[in-house]
Amino acid sequence: MINTYDGKAADAKDQGKTFDKTLATTLKSAGYPPKADSSQINWPISVVILTILVIYVTMVYGPIAAMLVEMFPTRIHYTSMSLPYQIGNGWFGGFLPATAFAIVAAKGNIYSGLWYPIVIAVITFVIGMLFVRETKDSDIYAKD
């Protein structure tokens, strides 16, 4: 167990040095290397995987943008697209690293942080199935 310290204390600098030393010793004894070995990265596969992920994002965002525009009257098209996008990507996606890290730190399992995006995806699916209506024959120029 590594004890934290008060960064506002008079001897915070000394406590910080002690903390850093204890942390380094604990990580080394657990088998963690002092820094990542970049020679172990498979760069071509990494680029291919990232390219596939970008293609997936573009495949998803096009239909989402069209669907969001059709769901609301013309006078609020921009807001109807922007607000869900900013909430979904900004809040849920933006907090993903911090939330997943916190879950991993709390549980001690490096894979437990994957539950956050899985739960958010399931919630999104359920809400979409319950509340998103078909807009095929809707008049988007009608006044609501």
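In this chain, residues are counted from 1 in sequence order.
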Is a side-chain donor or acceptor of T22 paired with a backbone partner of T18 at a separation under 3.5 angstrom?
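A pair under 3.5 Å: yes.
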Any link between [X] and [Y] through a network of hydrophobic side chains (Ile, Leu, Val, Met, Phe, Trp, Tyr) touching at under 4.5 Å?
X    : Y    : answer
I41  : V47  : no
Y61  : I55  : no
Y32  : L23  : yes
I87  : Y85  : no
V126 : I120 : no

Can you tell me if F92 has over 12 outside heavy atoms packed within less than 6.0 Å of its CZ?
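Counting neighbours around CZ of F92, 12 or fewer heavy atoms of other residues, nucleotides or ligands fall under 6.0 Å, so no.
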So with a 6.0 Å cut-off around CZ of F101, is the heavy-atom count from everything else above 12?
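It does not: F101 CZ has 12 such atoms or fewer within range.
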Please give me the minimum heavy-atom distance between [X] and [Y], naming the atom from each residue.
X    : Y    : value
I103 : S112 : CG2-O, 3.4 Å
I2   : F19  : CG2-CE1, 3.4 Å
A12  : G7   : CB-O, 3.4 Å
V104 : G113 : CG2-N, 3.6 Å
V132 : M67  : CG1-SD, 4.0 Å
W91  : Y116 : O-OH, 4.4 Å

Drop me the distance from I45's CD1 to L50's CG, to the nearest 0.5 angstrom.
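CG of L50 is found 11.5 Å from CD1 of I45.
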When rounded to the nearest 0.5 angstrom, what is the spacing between CD1 in I123 and CD1 in I118?
12.0 Å
